[in-house]
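Take a look at the structure below.
This is a predicted model, so every value here is computed, not measured.
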Amino acid sequence: MLDRVFNPEGKSLTSMRGFKYSSWSPLGCDANGRCLLAALTMDNRLTIHANLNRLQWVQLVDLTEVYGERLCESKYRISKTEAPQGDLGDFSEFQRRHSMQTPVRMEWSGICTTQQVKHNNECRDVGSVLLAVLFENGNIAVWQFQLPFVGKESITSCNTIESGINSPSVLSWWEYEHNNRKMSGLIVGSAFGPVKILPVNLKAVKGYFTLRQPVVLWQEMDQLPVHSIRCIPLYHPYQKCSCSLVVAARGSYVFWCLLLISKASLNVHNSHVTGLHSLPIVSMTADKQNGTVYTCSSDGKVRQLIPIFTDVALKFEHQLIKLSEVFGSVRTHGIAVSPCGAYLAVITTEGMTNGLHPVNKNYQVQFVTLKTFEEAAAQLLESSVQNLFRQVDLTDLVRWKILKDKHIPQFLQEALDKKIESCGSTYFWRFKLFLLRILYQSMQKTPSEVMWKPSHEDAKILISDSPGIGSTEDDQQEEGTSKQISKQSLGDVSRGMDTEDLADDSLPQSTDAGGREPMEEKLLEIQAQIEAVEMHLTREHMKRVLGEVYLHTWITENTSIPTRGVCDFLMSDESYDDRTARVLIGHILKKMNKQTFPEHCSLCKEILPFTDRKQAVCCNGHIWLRCFLTYQSCQSLVYRRCLLHDSIARHPTPEDPEWIKRLLQGPCTFCDSPVF
């Protein structure tokens with residue numbers, strides 16, 4: 001009766017604040033194409049949040065409340081064949097209902113495709129994601145959400161699975177791809193030791209398969225609790241097929257299980273890795289790029305486990321990472337590896353000093369670099385993702401190298417130029433723009449004051465002109481903040497730079513005109529290169545917009561996109577000779593039949609000429625910013641902006657056709673960032 005969740009009106013104890021567990025969804029689940037956050041609070045309430053506006057988190061749904069309503073409707077029975085249960089006044093019934101509604105863990109699956117039947121019986125593919133929630137009684141609720149997730153109305157279904165696991169402690173998705181067939185299941189671990197995979201049956205999921213029956217990976221009740229589970233997809237070089245590596249932290253050991261699907265059956269190889277830590281493992285993470293596993297104990301020791309395949313199964317090579325050599329005496333509470341394996345984030349507090357524990361605990365997030373600059377640059381050049389935003393940890397390593405050395409390495413310039421010449425993908429042009437902007441930034445004089453610190457003096461207005469960067473005061477503040485974050489490398493502790501280091505290493509600013517001229521010429525040269533790359537990316541996106549206009553207009557119609565202005569802008573430069581663009585423009589102009597459909601200023605009704613890709617100015621001097629996704633003028637007080645403040649975009653309107661709405665869902669054409 002003292003439970004603060006079931007009896008909040010009792011006021012016997014103060015309400016609990018804080019979070020037990022959190023889980024990030026894959027990229028592309030919210031309205032902005034970013035991640036959703038599932039959070040489990042200390043009072044056992046499971047909610048989903050989204051970052052809809054910049055630095056603003058909004059709760060979209062309370063799953064605890066929705067699941068409680070479903071249980072109430074079914075009279076707290078999982079299946080219809082169950083006998084009616086007792087009254088809530090019976091303490092055993094109270095405990096049963098409590099355990100079936102108290103989440104222990106929740107994990108997101110990968111994005112899958114479902115088929116939705118429209119009113120005219122046509123089928124269309126719709127993205128969906130699954131959220132598995134493990135409860136105290138061993139049941140698992142599998143929620144299916146339609147993407148983009150906007151709230152309670154996006155919930156497609158909820159199915160409850162009985163795992164049969166006593167005292168469940170951890171949950172993870174098992175996702176396996178074999179011969180272009182995707183298989184999936186749920187891995188559940190117990191506080192008593194057993195680990196097994198459960199099949200998950202779903203309808204209308206395209207290309208989705210599951211197991212016929214549960215598979216026990218470890219069945220011994222050895223009282224070693226399963227702390228965390230990671231599933232890593234790998235390729236077996238000897239068997240010439242894809243395989244799945246499951247690792248689980250059990251006490252101070254790492255349990256591993258290799259699963260291979262053959263024509264006959266599912267082959268399972270398992271064992272334990274011992275001798276890693278003298279204390280229990282408190283956190284474990286894995287780099288899904290190469291299969292490397294990292295574990296840590298509370299004494300500040302991190303182990304790196306590298307899987308090496310053998311003819312039959314695999315073995316692990318492990319090495320010790322002593323954080324005390326990097327950060328001093330610390331206690332570790334958790335670790336996580338960045339998406340592309342560039343950084344290892346470690347939560348630390350002060351360790352013992354002269355045999356005494358600290359009086360106060362100050363929790364810090366420390367960053368350890370796991371890759372060199374050369375490795376990060378090579379991975380960016382050979383990336384199959386081709387999206388800078390999804391590889392921001394790799395680009396951060398490259399950014400710090402250029403800021404420190406104040407030049408782009410020759411090998412990177414040559415390799416990037418070869419990539420641009422060979423394939424011409426806009427990804428490499430965006431990568432080149434990123435490098436030039438960081439180089440331009442490194443050439444500028446570092447501010448004497450730290451930009452992010454609040455000033456107690458009178459407010460001052462700083463007017464700066466740096467068109468090459470396209471930065472704003474917010475960007476400078478964020479840059480000032482990022483310079484304060486210590487980024488320590490294992491080989492070179494002094495790699496982390498603060499603002500004073502940047503100020504000391506900045507290029508000398510000579511007082512005579514002869515010393516300033518070379519620097520100004522260098523900045524003007526870099527600025528010209530930036531503008532040339534931006535213009536190339538703009539033209540490529542204009543061609544895409546014109547292609548959408550041509551495909552979706554059967555007759556001469558006003559699409560609200562300044563089609564004639566975009567065509568004239570592309571043809572205005574005589575040096576721009578793109579046969580594809582000229583042929584496309586010729587077809588569009590023939591379809592338009594000499595009609596222009598110009599834009600008009602909403603204030604004075606005058607024509608808005610298309611003379612600039614960034615803004616539209618009427619003859620009366622009214623200035624409107626242009627949407628970088630559709631090149632329409634944003635004649636409203638509310639618009640969206642790229643995460644790095646590169647460009648602005650308008651909001652979709654109800655009268656927009658579907659193809660324009662799809663264009664407005666795209667990322668920034670300069671930096672791949674989402675738009676808010």
| task | Would you please test W24 and L37 for side chain to side chain contact (heavy atoms under 4.5 Å, CB included) and show each step? | result | CA-CA 5 Å; W24 291 97; L37 177 63; 3.8 Å; yes
Indicate yes or no: at least one non-hydrogen side-chain atom of [X] is less than 4.5 angstrom from one of [Y].
X: D393; Y: P339; value: yes
X: R303; Y: L320; value: yes
X: T630; Y: L664; value: yes
X: L380; Y: Q391; value: yes
X: L546; Y: I561; value: no
X: M106; Y: L40; value: yes
X: F316; Y: V254; value: no
X: T538; Y: F670; value: yes

Got a second to check how far [X]'s [atom1] is from [Y]'s [atom2], nearest 0.5 Å?
X: L625; Y: Q632; atom1: CG; atom2: CD; result: 14.0 Å
X: E531; Y: L433; atom1: CD; atom2: CG; result: 11.0 Å
X: R650; Y: R640; atom1: CZ; atom2: CZ; result: 9.0 Å
X: I321; Y: L344; atom1: CD1; atom2: CG; result: 6.5 Å
X: Q444; Y: L523; atom1: CD; atom2: CG; result: 6.5 Å
X: F434; Y: C671; atom1: CZ; atom2: SG; result: 10.5 Å

Between the side chain of [X] and the main-chain N/O of [Y], is any donor-acceptor distance below 3.5 Å?
X: D573; Y: S575; value: yes
X: N32; Y: R34; value: no
X: W108; Y: V129; value: no
X: T332; Y: S297; value: yes
X: Q379; Y: L394; value: no
X: S283; Y: I335; value: yes
X: T349; Y: K361; value: no
X: S633; Y: Q635; value: no
X: S329; Y: M352; value: yes
X: N51; Y: Q56; value: yes

Counting neighbours of [atom1] on [X] that are heavy atoms of other residues, nucleotides or ligands and sit closer than 6.0 Å, is the number greater than 12?
X: K522; atom1: NZ; result: no
X: K301; atom1: NZ; result: no
X: Y639; atom1: OH; result: no
X: H651; atom1: NE2; result: yes

Less than 4.0 angstrom from a charged side-chain N to a carboxylate O is my criterion; do [X] and [Y] meet it?
X: R430; Y: E540; result: no
X: D578; Y: R539; result: no
X: K418; Y: E421; result: no
X: K419; Y: E382; result: yes

| message | Is there a side chain to side chain contact (heavy atoms under 4.5 Å, CB included) between L276 and L305? Walk through the geometry before answering. | response | CA-CA 10 Å; L276 297 176; L305 287 81; 4.0 Å; yes
For [X] and [Y], which heavy atoms make the closest approach, and how far apart are they?
X: L643; Y: S673; answer: CB-CB, 3.7 Å
X: L370; Y: G341; answer: CB-O, 3.6 Å
X: A376; Y: L397; answer: CB-CD1, 3.9 Å
X: E107; Y: S23; answer: OE1-OG, 3.5 Å
X: F628; Y: C668; answer: CE1-CA, 3.4 Å
X: I232; Y: A286; answer: CD1-CB, 3.6 Å

| task | Just say parallel, tilted or perpendicular for the rings of F367 and Y343, cut-offs at 30° and 60°. | result |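 Geometry flag for Y343 against F367: perpendicular rings.
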| query | Taking the six-membered ring for Trp, are H333 and Y363 parallel (under 30°), tilted (30 to 60°) or perpendicular (over 60°)? | reply |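 Answer is tilted, since the angle falls between 30° and 60°.
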| task | Could you please spell out the steps behind the side chain to side chain contact (heavy atoms under 4.5 Å, CB included) verdict for L52 and L60? | result | CA-CA 10 Å; L52 298 181; L60 298 180; 4.3 Å; yes
| request: Using the side-chain contact (heavy atoms from CB on, under 4.5 Å) rule, pick out the option among I420, L436, L435 that qualifies with V533. | output: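 Answer to the side-chain contact (heavy atoms from CB on, under 4.5 Å) test with V533 among I420, L436, L435: L436.
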| field | Test side-chain contact (heavy atoms from CB on, under 4.5 Å) applied to I306 and N290, V293, T292, the passing residue | value |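 Among N290, V293, T292, the one that satisfies the side-chain contact (heavy atoms from CB on, under 4.5 Å) with I306 is T292.
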| query | How far apart are the C-alpha atoms of Q410 and Q413, what are their side-chain angles, what is the distance that settles it, and do they pass the side chain to side chain contact (heavy atoms under 4.5 Å, CB included) test? | reply | CA-CA 5 Å; Q410 187 67 27; Q413 281 186 333; 3.6 Å; yes
| Exercise: do R399 and T395 side chains pair donor with acceptor under 3.5 Å |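 Side-chain D/A pair, R399 to T395: absent.
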